[in-house]
Enquirer: 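Could you have a look at this structure, given as structure tokens, before my questions?
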Amino acid sequence: MAEFNLDLSKFTRAMKRSPEAVGRGAAIALADIKNDWVRESRDLAPLDKSNLRKQIRGDVVNPGISGMVEVRANAGQYVAGKRFNYAYYIHEQDAGGRTLRLAGAEKKFLDAALERRKAEYQRWLEEEIKAELKKQGWWGRG
């Protein structure tokens, strides 16, 4: 009778570490996505005095496997003694039909920036997770 033994210890260690590897890859990609989405949104936002563009911010919430990116704009000014969020007005209320002052600007600048880059962001996420899993031995080198 022939016997052979397999040393599965490396495989077992890689499997145990794979959730952490996926989380690390996701965290890296989500940070990159956030930075790019903010930059793209700023490029597409209507420009008057640049306050709106300066107030576009992003955060990675729960970096890792269950993480997500939030990008928001809260640009305000005082009108008749009350604070008015004109970022919301432009993005969600169609800015009262006012024309945009800059060629290429979008009223739905947050949505437009995401829509233009969504496929690329998906690729970034997959690539970073794959890179981290490679480090754990799940894929061959190269």
Side-chain angles (χ1 to χ4, degrees), residues 2-80 82-142:
E3 282 187 23
F4 69 95
N5 292 316
L6 296 174
D7 180 4
L8 298 177
S9 59
K10 201 172 186 181
F11 175 74
T12 303
R13 280 193 308 274
M15 279 188 54
K16 287 179 183 175
R17 289 190 301 243
S18 65
E20 288 116 13
V22 170
R24 279 192 308 276
I28 291 166
L30 291 172
D32 291 344
I33 290 165
K34 179 215 26 129
N35 293 336
D36 191 76
W37 187 3
V38 167
R39 184 187 55 74
E40 287 286 319
S41 295
R42 286 178 179 159
D43 287 348
L44 293 176
L47 179 64
D48 185 13
K49 296 176 183 166
S50 77
N51 186 43
L52 171 58
R53 289 180 174 202
K54 289 177 185 174
Q55 298 303 319
I56 297 172
R57 300 274 189 268
D59 290 306
V60 176
V61 179
N62 299 320
I65 295 172
S66 62
M68 65 180 198
V69 175
E70 290 181 345
V71 176
R72 65 199 168 286
N74 290 307
Q77 66 185 29
Y78 285 95
V79 176
K82 293 185 178 183
R83 186 132 173 95
F84 173 68
N85 183 351
Y86 65 89
Y88 176 82
Y89 181 62
I90 289 169
H91 196 273
E92 300 301 322
Q93 301 298 318
D94 195 25
R98 186 171 167 217
T99 59
L100 303 175
R101 293 185 180 195
L102 189 64
E106 299 269 352
K107 290 182 180 183
K108 296 265 188 190
F109 51 93
L110 298 174
D111 299 343
L114 177 61
E115 203 53 43
R116 290 180 182 191
R117 308 277 286 192
K118 192 172 13 180
E120 190 169 1
Y121 295 160
Q122 181 67 37
R123 184 177 49 80
W124 291 0
L125 187 61
E126 291 168 3
E127 287 173 357
E128 289 296 344
I129 290 171
K130 186 175 179 179
E132 288 297 317
L133 287 170
K134 274 185 177 182
K135 291 177 186 176
Q136 299 301 317
W138 284 102
W139 274 277
R141 303 220 190 293

Enquirer: Could you tell me whether R116 and E106 have a side-chain N and a carboxylate O separated by less than 4.0 Å?
Expert: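 So R116 pairs with E106 through a salt bridge.
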Enquirer: Does this structure show an ion pair linking R24 with E20, if we count only N-O contacts that are shorter than 4.0 Å?
Expert: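 No.
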Enquirer: Looking at every non-hydrogen atom in both residues, tell me the closest pair between A21 and L133 and how far apart they are.
Expert: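 Where A21 meets L133 most closely, the heavy atoms are CB-CD2, 4.0 Å.
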Enquirer: Could you go step by step and tell me if E128 and L30 meet the side chain to side chain contact (heavy atoms under 4.5 Å, CB included) rule?
Expert: CA-CA 10 Å; E128 289 296 344; L30 291 172; over 6 Å; no
Enquirer: Looking only at atom types and distance, does a side-chain atom of R42 sit under 3.5 Å from a main-chain N or O of I56, one as donor and one as acceptor?
Expert: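 Yes; judged by distance alone, with no hydrogens or angles, the pair exists.
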Enquirer: For a salt bridge (charged side-chain N to carboxylate O under 4.0 Å, His left out) check, start with the C-alpha distance between R123 and E127, then their side-chain angles and the critical distance, and finish with the verdict.
Expert: CA-CA 6 Å; R123 184 177 49 80; E127 287 173 357; 3.1 Å; yes
Enquirer: Less than 4.5 Å apart, side chain to side chain, heavy atoms only: is that true for V60 and P63?
Expert: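 They are in contact (side-chain heavy atoms under 4.5 Å apart), so the answer is yes.
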Enquirer: Between Y121 and D36, is any side-chain donor less than 3.5 angstrom from a side-chain acceptor?
Expert: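 Yes, a side-chain donor-acceptor pair sits under 3.5 Å.
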Enquirer: With a 4.5 Å heavy-atom cut-off, do W124 and I28 have their side chains touching?
Expert: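 No; the side chains remain at least 4.5 Å from each other.
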Enquirer: Can you tell me how far NZ of K108 sits from OG of S41, rounded to the nearest 0.5 angstrom?
Expert: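 The OG atom of S41 sits 13.0 Å away from the NZ atom of K108.
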Enquirer: Working to the nearest 0.5 angstrom, can you tell me the gap between E120 CD and D32 CG?
Expert: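 The CD atom of E120 sits 10.5 Å away from the CG atom of D32.
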Enquirer: Quick one: closest heavy-atom pair of A26 and I129, and the distance?
Expert: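 So the minimum-distance heavy-atom pair works out to N-CG1, 3.7 Å.
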Enquirer: Mind listing the closest non-hydrogen atom pair of A45 and L52 along with its distance?
Expert: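 Residues A45 and L52, closest heavy atoms: CB-CD2, 4.1 Å.
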Enquirer: In residues 64-72, what donor-acceptor pairs under 3.5 Å come from side-chain atoms, sequence neighbours left out?
Expert:
{"unit_1": "R72", "atom_1": "NH1", "unit_2": "D59", "atom_2": "OD2", "d": "3.0"}
{"unit_1": "R72", "atom_1": "NH2", "unit_2": "D59", "atom_2": "OD2", "d": "2.6"}

Enquirer: Give, for atom NZ of K118 and atom CG of D111, the distance between the pair rounded to the nearest 0.5 Å.
Expert: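 The NZ atom of K118 sits 9.5 Å away from the CG atom of D111.
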Enquirer: Ignoring hydrogens and angles, state whether a donor on the side chain of E132 or Q136 is under 3.5 Å from an acceptor on the partner side chain.
Expert: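 No, no side-chain donor-acceptor pair sits under 3.5 Å.
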